[in-house]
Number of protein chains: 2
Amino acid sequence: MAEKDGGKALRAAPAEGAPRRSQPPLSIKDIARIARVSHPTVSRALQNSPLVNAETAEKIRRIAEEAGYRASAVARGLVTRRTRSIGLVVTTVADPFAGEVACGVEQTANDHGYSVFLADSNADPERERKVVRAFAERRVDGIIVTSSRVGALYLPMLAEMQVPIVLVNDQYPGAFVHSVMIANFEGMRAAAEHLIALGHRRIAYLGDQFGYQSDAERLAGYRAALGTAGIPAPAELVADGDGKPEAAMAAMEKLLALERPPTAVCCYNDMSALGAMRRIGARGLRVPEDISVSGFDDLFFASYLQPPLTTVRQPMRRMGRMAMDSLLRLMSGEESVPRIRVDAELVVRASTATARAD
Amino acid sequence: MAEKDGGKALRAAPAEGAPRRSQPPLSIKDIARIARVSHPTVSRALQNSPLVNAETAEKIRRIAEEAGYRASAVARGLVTRRTRSIGLVVTTVADPFAGEVACGVEQTANDHGYSVFLADSNADPERERKVVRAFAERRVDGIIVTSSRVGALYLPMLAEMQVPIVLVNDQYPGAFVHSVMIANFEGMRAAAEHLIALGHRRIAYLGDQFGYQSDAERLAGYRAALGTAGIPAPAELVADGDGKPEAAMAAMEKLLALERPPTAVCCYNDMSALGAMRRIGARGLRVPEDISVSGFDDLFFASYLQPPLTTVRQPMRRMGRMAMDSLLRLMSGEESVPRIRVDAELVVRASTATARAD
DNA sequence: GAATGGGCCGTACACGTGTGCAAAAAGGGG
DNA sequence: CCCCTTTTTGCACACGTGTACGGCCCATTC
């Protein structure tokens with residue numbers, strides 16, 4: 001056996017040295033040869049197994065350290081059938097909301113020794129299938145999906161892959177999957193109530209026509225606040241954006257063109273509010289003197305706008321952490337809370353003010 | 001041989017069925033058994049190798065498809081010694097700049113069949129070492145690092161890991177690594193020249209005290225413009241932020257408190273401009289009537305600010321794509337352009353205007 | 001009809017790690 | 001000194017895929 005190993009090693013090293021420009025990284029067997037033990041002993045030593053003699057283990061660890069040995073997660077993943085990696089699907093990581101969530105996910109993942117594969121779906125179902133397929137081939141131990149518009153679509157994949165999935169602010173309510181959701185209804189209701197308390201009676205809602213569930217819930221919260229206060233919410237005051245500034249500008253334009261334009265507008269999110277405020281300013285109107293504007297998310301720029309944006313805060317990074325925590329629990333076999341609901345907090349700033357006297 | 005395989009399969013399937021809740025994903029051998037061929041034939045068929053009979057290959061592919069077989073990238077990576085994955089290091093993916101770059105990297109990576117590991121360094125050297133170590137263990141084929149403040153630190157790791165690295169806007173100029181860099185000097189010089197052309201004579205620079213190289217280059221561009229125009233740039237007009245709005249507010253405060261405050265300020269980046277504008281507004285001054293402000297990056301919110309921000313555009317997503325393209329070339333053994341320089345484009349909006357008459 | 005050759009397939013390994021089991025070594029008691 | 005227990009180590013395999021090599025079958029050629 002020593003002959004076989006030694007022979008191979010001797011052949012491999014110099015023979016490959018010349019033609020190959022980069023020699024492969026050292027393996028557990030290389031360390032074993034140096035330490036004059038068998039490779040299983042090295043394996044056990046590096047895992048701090050109590051099955052190996054303390055000083056032998058120490059010696060092996062020292063040699064491995066000095067040689068700059070890095071255990072192959074690939075080989076380990078093959079034999080243990082656990083890669084200690086997860087897949088993170090996001091519409092696009094360039095979106096500030098997704099970026100914050102990803103940040104939270106990544107940090108807790110790394111803290112627990114997991115690596116995360118990032119994939120942008122671009123809200124394209126075709127691409128979405130592709131990235132999940134890639135995750136399946138990578139044998140990820142779990143998957144987190146943010147703001148998917150096709151959350152339910154993951155269920156069959158889940159069944160096929162046998163891998164736990166956690167959704168963050170997904171758009172399908174009924175599905176019995178694990179998820180971390182913001183309190184859309186209560187959050188938007190609080191924003192609307194705030195505007196009502198400021199004396200507004202003509203309050204618009206600038207939504208996300210593709211937002212499905214979260215948009216529906218926020219719209220419901222807006223309606224509930226108005227309903228309770230006995231304020232009408234005519235259809236003309238509900239405008240459709242797409243969650244981005246550009247479409248929000250067009251939607252705001254429509255609202256401003258109304259015979260009786262609103263004196264306040266609840267936006268689906270901060271990106272929409274960005275577009276709305278821009279349009280209002282472009283029309284020579286002022287926020288909040290002429291129109292009050294509220295957002296949702298509390299993205300980093302909200303407090304730096306002129307005027308600072310009143311908005312409903314989502315603890316995005318924390319939600320990412322919570323999603324990862326939940327996934328960690330699921331991956332270790334424990335059951336986790338199926339649907340985690342996160343409270344939203346109204347942050348009042350200067351973009352909302354008392355209504356102008358009609 | 002049929003006996004051995006069959007026997008093992010028969011034992012494995014029902015014996016494991018009861019206690020294990022999830023059976024392992026099907027392997028190439030399972031497909032081979034169904035198709036009544038050997039597993040190498042399946043392997044070749046799925047790779048579209050010409051070494052296997054066309055109709056046999058077709059049949060195998062059909063069976064694999066119907067069975068929902070997903071080849072294990074883990075096992076393939078072990079034998080081919082190429083994982084078709086890369087590592088992406090970023091200070092934090094919550095930063096809009098990093099998010100855009102990551103988006104570009106991820107897209108081209110996926111288009112070429114590569115998966116990307118995401119890791120936030122938080123500008124913490126300790127954590128940075130940790131993530132690179134993780135990448136080494138994952139046996140990534142390449143690494144991309146954005147805006148690292150310790151770019152040179154990667155050189156020894158590079159040597160150790162035998163893996164190509166591409167840096168995006170790194171902070172060390174002299175190092176002979178591959179990188180994609182924005183034209184910091186020319187970009188900021190253009191911004192300063194623009195302000196000079198508007199009649200400004202007292203122009204400040206709000207920099208990034210930790211920005212090292214990119215800050216130094218942008219500051220040099222600013223100085224060059226002023227120097228050429230014969231305009232003094234006293235030290236009091238160079239204030240230090242940290243590239244984020246909060247510190248920029250403090251820096252702006254100092255500039256405003258000067259005996260002769262500036263009539264224009266060139267900010268290191270858009271995030272700094274955000275803070276600067278906020279502070280200016282809070283002091284009851286107006287942009288651009290009282291003070292002109294310019295940024296750098298052209299982040300998504302720049303055109304939606306009040307007033308829209310004049311800034312120097314960095315094609316961030318494209319830079320991410322270029323970095324990945326460069327890395328793809330390096331990984332396939334070709335040589336690539338060592339330092340790719342990307343032109344910056346001044347985008348004039350409404351945050352800059354002609355100087356007030358003194 | 002035998003030799004040659006090409007197309008196609010299977011056998012045998014390799015990749016680097018983890019682990020059950022047996023064997024060896026060490027220690028302790030009679 | 002031997003036997004038994006405990007500690008420590010090595011052997012043999014497994015994980016799922018890729019590939020060099022040899023062999024089989026069939027067609028072609030001398």
Side-chain angles (χ1 to χ4, degrees), chain A residues 1-5 8-9 11-12 16 20 23-33 35-60 64 69-84 136-139, chain B residues 1-5 8-9 11-12 15-16 20 23-33 35-60 64 67 69-84 136-139:
Chain A
M1 35 106 205
E3 193 181 37
K4 198 173 76 184
D5 262 344
K8 184 196 135 211
R11 259 188 294 109
E16 278 192 304
R20 297 280 300 172
Q23 60 275 31
L26 337 78
S27 80
I28 212 173
K29 292 185 186 173
D30 298 320
I31 305 300
R33 190 155 23 80
R36 301 186 177 281
V37 292
S38 67
H39 75 267
T41 301
V42 176
S43 173
R44 285 186 268 254
L46 295 180
Q47 297 176 75
N48 296 323
S49 161
L51 289 168
V52 322
N53 180 287
E55 48 187 326
T56 310
E58 184 49 42
K59 177 179 129 201
I60 292 174
Y69 167 76
R70 294 290 132 91
S72 165
V74 177
R76 178 181 300 144
L78 182 58
V79 53
T80 62
R81 313 174 78 94
R82 304 196 62 239
T83 56
R84 292 187 79 80
E137 296 187 350
R138 297 283 174 188
R139 299 291 192 266
Chain B
M1 33 108 203
E3 195 179 36
K4 200 172 76 183
D5 263 343
K8 183 197 136 208
R11 258 188 296 109
E16 277 193 304
R20 298 279 299 173
Q23 60 274 31
L26 335 79
S27 80
I28 212 175
K29 293 186 185 174
D30 298 319
I31 305 300
R33 190 156 22 80
R36 302 185 175 284
V37 292
S38 68
H39 77 267
T41 302
V42 176
S43 174
R44 284 185 269 253
L46 296 180
Q47 296 177 77
N48 296 324
S49 161
L51 289 167
V52 30
N53 179 286
E55 48 186 325
T56 309
E58 183 50 41
K59 177 179 129 200
I60 292 173
Y69 167 76
R70 294 290 132 89
S72 165
V74 177
R76 178 180 299 143
L78 181 58
V79 52
T80 64
R81 312 173 79 92
R82 305 196 61 239
T83 54
R84 293 188 78 80
E137 296 188 349
R138 299 282 174 188
R139 300 292 193 262

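Only heavy atoms go into these numbers, but all of them, side chains included; no hydrogens, no water, no symmetry mates. Letters A, B, ... mirror the listed sequences (proteins, then strands); counts begin at 1.
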Visitor: Quick check: on DNA chain D, is the nucleotide nearest A:Val37 upstream (toward 5') of the one nearest A:Arg139, or the reverse? Name the residue that is more 5'.
Guide: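 It is A:Val37 whose nearest nucleotide is closer to the 5' end.
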Visitor: Figure out the CD/P separation between B:Glu137 and C:dG18, and round it to whole Å.
Guide: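 So the two atoms are 10 Å apart, to the nearest Å.
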Visitor: Round to the nearest Å and state the distance from A:Leu78 atom CG to D:dT17 atom P.
Guide: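 Going from A:Leu78 (CG) to D:dT17 (P), I get 9 Å.
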Visitor: Please tell me if B:Ser72 has a side-chain N or O lying less than 4.0 Å from either OP1 or OP2 of D:dC15.
Guide: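 The answer is no; no side-chain N or O of B:Ser72 sits under 4.0 Å from OP1 or OP2.
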Visitor: Taking all heavy atoms of B:Ala35 and all of B:Lys59, pick out the closest pair and write down the distance.
Guide: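 Where B:Ala35 meets B:Lys59 most closely, the heavy atoms are O-NZ, 3.4 Å.
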Visitor: When you measure from the side chain of A:Arg81 to the backbone N and O of A:Leu78, does any donor-acceptor pair fall under 3.5 Å?
Guide: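 No; judged by distance alone, with no hydrogens or angles, the pair does not exist.
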Visitor: Calculate the interatomic distance between B:Arg138 atom CZ and C:dG16 atom C1'; express it in whole Å.
Guide: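 Atom-to-atom, B:Arg138 to C:dG16, this comes out as 15 Å.
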Visitor: Please confirm whether the shortest side-chain N or O distance from B:Arg76 to OP1 or OP2 of D:dG18 is below 4.0 Å.
Guide: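 For D:dG18, OP1/OP2 do have a side-chain N/O of B:Arg76 under 4.0 Å.
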Visitor: Calculate the interatomic distance between B:Arg81 atom CZ and C:dT17 atom P; express it in whole Å.
Guide: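 It is 10 Å, rounded to the nearest whole Å.
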Visitor: CD of B:Glu137 to CZ of A:Arg76: how many Å apart, nearest 0.5 Å?
Guide: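 B:Glu137 CD to A:Arg76 CZ: 6.5 Å, rounded to 0.5 Å.
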Visitor: Rounded to the nearest angstrom, tell me the gap between atom CD in A:Glu55 and atom C1' in D:dT7.
Guide: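 Between C1' of D:dT7 and CD of A:Glu55: 13 Å.
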Visitor: Looking only at side-chain N and O atoms, does A:Gln47 come under 4.0 Å of OP1 or OP2 in C:dT17?
Guide: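 False: A:Gln47 side-chain N/O out of range (4.0 Å or more) of C:dT17 OP1/OP2.
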Visitor: Check whether any side-chain nitrogen or oxygen of B:Tyr69 sits under 4.0 Å from OP1 or OP2 of D:dT17, and answer yes or no.
Guide: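 The answer is yes; a side-chain N or O of B:Tyr69 sits under 4.0 Å from OP1 or OP2.
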Visitor: Dump every N/O contact between nucleotides 21-24 of chain D and the protein below 3.5 Å, one line per pair.
Guide:
none

Visitor: Between C:dT17 atom P and A:Leu46 atom CG, what is the distance in whole Å?
Guide: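 Spelled out: CG on A:Leu46 to P on C:dT17 is 9 Å.
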Visitor: Which whole-number value in Å describes the distance from A:Asp30 CG to C:dT17 P?
Guide: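 Atom CG in A:Asp30 sits about 9 Å away from atom P in C:dT17.
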Visitor: If you compare every side-chain N and O of A:Ser43 against the phosphate oxygens of C:dT19 (OP1, OP2), does one of them come in below 4.0 Å?
Guide: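 No, because none of the side-chain N or O atoms of A:Ser43 sits under 4.0 Å from OP1 or OP2 of C:dT19.
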Visitor: Can you tell me which nucleotide in D:dT8, C:dG18, D:dG16 comes closest to the side chain of A:Ile28?
Guide: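 Looking only at heavy atoms from C-beta outward on A:Ile28, the closest nucleotide is C:dG18.
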Visitor: Please test B:Arg33 against B:Asp30 for side-chain contact (heavy atoms from CB on, under 4.5 Å), starting from the C-alpha separation and ending with a verdict.
Guide: CA-CA 5 Å; B:Arg33 190 156 22 80; B:Asp30 298 319; 2.7 Å; yes
Visitor: Do you know which two heavy atoms are closest between B:Ile28 and B:Tyr69, and how far apart they sit?
Guide: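 Closest approach of B:Ile28 to B:Tyr69, heavy atoms only: N-CE1, 3.7 Å.
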Visitor: Between C1' on C:dC21 and CG on A:Leu51, what's the gap in Å once rounded to a whole number?
Guide: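 It is 12 Å, rounded to the nearest whole Å.
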Visitor: Let me know, please, whether B:Arg36 or A:Arg70 comes out on the 5' side of the other along DNA chain C by nearest nucleotide.
Guide: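 Checking each residue's closest nucleotide, the 5'-ward one belongs to B:Arg36.
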Visitor: So which heavy atom on B:Arg138 is nearest to which on B:Thr83, and how close?
Guide: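 Answer, listing the atom of B:Arg138 first, then B:Thr83: O-CG2, 3.8 Å.
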Visitor: Are A:Ser38 and D:dG10 close enough that a side-chain N or O sits under 4.0 Å from OP1 or OP2?
Guide: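 True: A:Ser38 side-chain N/O within range (under 4.0 Å) of D:dG10 OP1/OP2.
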Visitor: Judged by each residue's nearest nucleotide on DNA chain C, which is more toward the 5′ side, B:His39 or A:Val79?
Guide: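 First, find each residue's nearest nucleotide; the 5'-ward one identifies B:His39.
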Visitor: Looking only at non-hydrogen atoms, find the nearest pair between A:Ile31 and A:Ala64 and report the distance.
Guide: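 Heavy-atom minimum between the residues: CD1-CA, 4.1 Å.
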Visitor: Could you grab the distance from atom OG of A:Ser38 to atom NZ of A:Lys29, nearest 0.5 Å is fine?
Guide: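 A:Ser38 OG to A:Lys29 NZ: 11.0 Å, rounded to 0.5 Å.
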